[in-house]
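Because the structure is a prediction, the values reported are computed rather than measured.
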Amino acid sequence: MAVPPEFIEELRARTTLSDLVGKRVKLVPKGGRLAGLCPFHSEKTPSFYVNDSEGFYHCFGCGVSGDAIGFLRESDGMDFMEAVRYLADVAGMAVPNNVPQDSEKAEQRKQAIDALEFAAKFYQKNLDSPVGKGASEYIRSRGLDAHIVSQFMLGYAPRSGLYPSLQQRQFPKELIVQAGLAGISERDGQPYDYFRDRLMFPIQNRQGRVIAFGARALGEAQPKYLNSPEGPTFSKKAVLYGWTQARALLRQGLPLLVVEGYMDVIAVSASGVAAALAPLGTALTEQQIQLVWKLHPEPILCFDGDAAGQKAASRAIERILPLLEPGRTVRIASLPSGQDPDDILKSEGEEGLRRVLSAASGILDSLWQRKFSEYRLEDARTQPGARAAFWADMRQLVRSISHNQTRTAYLDDVEYRIGAMRAALKGASATATGGYSSGGYQAGQMVRTRRPKTGLRIQYQAALALLVRFPELFSDFAEELAMMQFEDNELENLKKQIIDLLIATPDLDEAAVRYHLEHSGSNTVVDDLFGSDMTARLDASFKQGSAGWTAVRAKEILTEILDRLLHKTRRAGQARSNRS
């Protein structure tokens, strides 16, 4: 809807910006203006200034600036017309209607929201009453304190009582039913409370108004979780649970997680590790993805580790791909099978969740790894046709990206990965067939013993330590590693794990590689790679990753080690061939 420019100018003139901003930021006079801590980034020294006379704000820390309309769009996630209507309501101005509007529907929507907010307060009161004892005990069992319960407005729906309370407030029966707060009995046509004996989760819009509810059964009722029916205030595909709470936490500089359920949002938010949002029992929609990006340019998808959660993550990745553009992407965190973020917090605490988030992969890494497993390429018996189908699938998925430059960059990355995979496969094939002819070496005749000499084991360890420390070097040495067999079962198995991991997910950094290896049961072997004996040989700066150890230096040393090992292995193979 178009609004005349003169109306916007008058609206700005009637709005005192410091009154609007002052509801969210403590402002104090400074240098003829008003200053405070910026609400859009974390800071300790005020760098956010408001100029009432000219009607604009500016932060010298993060560079954000704008007028009253811009402030509401930035701070509350409103679109342009939402901000205009909000300010016009405060200023007592009527927004001109250039397009005919159904004023009756608008009034019904306003009344429905009023009824929903009354219901939220009703449920909150019941949570603190004797009738809500079961719900209160459940909340305590989940480790939630009074502050977080209040922040998320949790409540309890008794078996009856809301409908008559709404009628006493003069809300019409039809409106109560449309708002999803009451149903009509098929037996006798009488209204009844839609939510009964359930823990209540108010769902808010971006302005913080209650527009619907999620509800968890406390007994054996089914379904376990129940949402409000869609209506004049609520469309599941266009709403995310936890929006207002996440927006406040993100001002502290925290990462943003997209999780599956209400309790995950609340548990993550209460931990202080991250902000969190959740779709409402449906797959993540395009509208919800765009809403998430309004809050954070790189959220982390953190769905449950069970089959359903991983399937939801895969669907979300493929839905997000076409929407990618510069400054808008996602990362994906892998959770142990059968666990959700709340489980991680309970079993491993805040540090456990931080470790999971630090190991989150980029969207292409995750897609590559999922498709790699889907085509069973980790199985040596898989036919080459599956590999070709995998490559074609990856190319086709990346071509779905709408933004031209982003699509080109991702296609380049896919081709790079395919090239690295081919190099590794070439080495593996030579090892299996004896067909690698460089220097007369016959890979099928390699010697394998269980206890190599100490010096040889140290060289194996050094090579693997350098690869873990600098995984970006893997593509340069993929062929040599694949064709070389370590004369130590333990280190040979670790080498294979590293190769499989970096073929499936080439862009992992050191922390992510170590996380995956340690959680696959190789933590003792990995720890030995970085033990005091090893770092003493490679020098202490290697362990800390200081500037003294660069990828260039690591590549030089790794080249020397692998050349030496390869030469030794070839000689052993040739000697074995001569004896036969």
Side-chain angles (χ1 to χ4, degrees), residues 11-80 82-84 86-87 90-91 145-153 204-209 240 242-258 265-277 291-300 327-328 350 353-354 357-358:
L11 181 62
R12 290 184 176 122
R14 287 201 195 183
T15 300
T16 302
L17 184 57
S18 60
D19 288 345
L20 177 67
V21 175
K23 294 176 181 178
R24 298 162 174 80
V25 179
K26 183 180 179 181
L27 298 172
V28 295
K30 187 176 180 182
R33 297 179 182 178
L34 295 168
L37 296 175
C38 181
F40 306 119
H41 80 285
S42 181
E43 64 176 5
K44 295 181 180 179
T45 303
S47 59
F48 182 82
Y49 288 82
V50 174
N51 187 325
D52 270 336
S53 62
E54 297 185 29
F56 74 89
Y57 63 87
H58 180 77
C59 177
F60 291 94
C62 66
V64 67
S65 62
D67 60 6
I69 296 172
F71 184 82
L72 287 173
R73 298 184 72 179
E74 190 76 25
S75 65
D76 289 13
M78 296 184 185
D79 62 29
F80 179 80
E82 287 173 336
V84 168
Y86 177 89
L87 293 173
V90 172
D145 60 26
H147 172 72
I148 202 75
V149 169
S150 173
Q151 185 181 353
F152 282 88
M153 301 169 62
Q204 298 169 293
N205 62 14
R206 286 177 287 163
Q207 291 76 53
R209 304 292 303 276
L240 289 157
W243 176 277
T244 55
Q245 294 83 0
R247 184 176 59 217
L249 287 172
L250 288 171
R251 290 168 187 160
Q252 302 173 23
L254 297 177
L256 175 62
L257 304 193
V258 179
V265 169
I266 294 171
V268 170
S269 301
S271 74
V273 173
L277 296 168
L291 283 175
V292 172
W293 278 332
K294 282 181 179 289
L295 289 180
H296 199 287
E298 192 181 47
I300 301 171
R328 286 190 166 188
E350 295 170 9
L353 183 59
R354 286 193 181 95
L357 302 188
S358 68

Asker: Quick one: are Ile300 and Leu256 in side-chain contact, heavy atoms under 4.5 Å?
Answerer: no
Asker: Quick check for you: to the nearest 0.5 Å, what is the distance between Asp19 atom CG and Asp52 atom CG?
Answerer: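 CG of Asp52 is found 7.0 Å from CG of Asp19.
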Asker: Is any side-chain heavy atom of Lys26 closer than 4.5 Å to one of Pro46?
Answerer: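 They are not in contact (no side-chain heavy atoms under 4.5 Å apart), so the answer is no.
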Asker: Would a distance-only check, ignoring hydrogens and angles, find a side-chain to backbone donor-acceptor pair under 3.5 Å from Glu74 to Phe71?
Answerer: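 No; judged by distance alone, with no hydrogens or angles, the pair does not exist.
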Asker: How long is the span from the CG atom in Leu291 to the NZ atom in Lys294, to the nearest 0.5 Å?
Answerer: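 Atom-to-atom, Leu291:CG and Lys294:NZ are 7.0 Å apart.
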Asker: Give the intermediate values and the outcome of side-chain hydrogen bond (donor to acceptor under 3.5 Å, both in side chains) for residues Ser269 and Gln245.
Answerer: CA-CA 8 Å; Ser269 301; Gln245 294 83 0; over 6 Å; no
Asker: Answer yes or no: is there a side-chain heavy-atom contact under 4.5 Å between Cys59 and Phe40?
Answerer: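 No, too far: nothing below the 4.5 Å cut-off.
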Asker: Any side-chain heavy-atom pair from Asn205 and Trp243 closer than 4.5 angstrom?
Answerer: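 Counting from C-beta outward, Asn205 and Trp243 never come under 4.5 Å.
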Asker: So do His296 and Leu250 actually touch side chain to side chain, heavy atoms under 4.5 Å?
Answerer: yes
Asker: Restricting to non-hydrogen atoms, name the atom on Ala275 and the atom on Val268 that form the minimum distance, rounded to 0.1 Å.
Answerer: O-CG1, 4.2 Å
Asker: Pair Leu72, Leu20 - check side chain to side chain contact (heavy atoms under 4.5 Å, CB included), show working.
Answerer: CA-CA 9 Å; Leu72 287 173; Leu20 177 67; 3.9 Å; yes
Asker: Is any side-chain heavy atom of Leu277 closer than 4.5 Å to one of Leu295?
Answerer: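 Heavy-atom side-chain distance check passes, below 4.5 Å.
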Asker: Looking only at heavy atoms, which two atoms of Val265 and Gly242 are closest? And how far apart?
Answerer: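 For Val265 and Gly242, the tightest heavy-atom pair comes out as CG1-CA, 4.3 Å.
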Asker: Return the minimal non-hydrogen interatomic distance between Ser18 and Leu27, and the atom names on each side.
Answerer: O-CD1, 3.9 Å
Asker: Can you see which heavy atom on Val25 is nearest to which on Gly36, and at what distance?
Answerer: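 Residues Val25 and Gly36, closest heavy atoms: CG1-CA, 4.1 Å.
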Asker: To the closest 0.5 Å, what do you measure between NZ (Lys30) and OG (Ser47)?
Answerer: 8.5 Å
Asker: Leu249 and Ala274: which non-hydrogen atoms are nearest, and at how many Å?
Answerer: CD1-O, 4.1 Å
Asker: With a 4.5 Å heavy-atom cut-off, do Val273 and Leu254 have their side chains touching?
Answerer: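 Side chain of Val273 against side chain of Leu254, heavy atoms only: no contact under 4.5 Å found.
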Asker: Taking the six-membered ring where the residue is Trp, are the ring centres of Phe56 and His58 under 6.0 Å apart?
Answerer: no
Asker: Between the main-chain N or O of Leu17 and the side-chain N or O of Thr15, is there a donor-acceptor pair closer than 3.5 Å?
Answerer: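 No, Thr15 side chain to Leu17 backbone: no donor-acceptor pair under 3.5 Å.
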Asker: Restricting to non-hydrogen atoms, name the atom on Glu350 and the atom on Ser271 that form the minimum distance, rounded to 0.1 Å.
Answerer: OE2-O, 3.2 Å
Asker: So do the side chains of Thr244 and Arg247 get within less than 4.5 Å of each other, counting heavy atoms only?
Answerer: yes
Asker: Please find out if less than 6.0 Å separates the ring center of Tyr57 from that of Tyr49.
Answerer: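 No, they do not, as the ring centres are separated by 6.0 Å or more.
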Asker: Any ion pair linking Asp76 and Arg24 (charged N to carboxylate O, less than 4.0 Å)?
Answerer: yes
Asker: Donor-acceptor check, side chain of Arg209 to backbone of Gln204, threshold 3.5 angstrom: yes or no?
Answerer: no
Asker: Let's go through Val84 and Ile69 carefully: what are the C-alpha distance in whole Å and the side-chain angles of both, what is the deciding distance for side chain to side chain contact (heavy atoms under 4.5 Å, CB included) to 0.1 Å, and is it a yes or a no?
Answerer: CA-CA 7 Å; Val84 168; Ile69 296 172; 4.0 Å; yes
Asker: Does the side chain to side chain contact (heavy atoms under 4.5 Å, CB included) test come out yes or no for Val50 and Arg33, once each step is laid out?
Answerer: CA-CA 6 Å; Val50 174; Arg33 297 179 182 178; over 6 Å; no
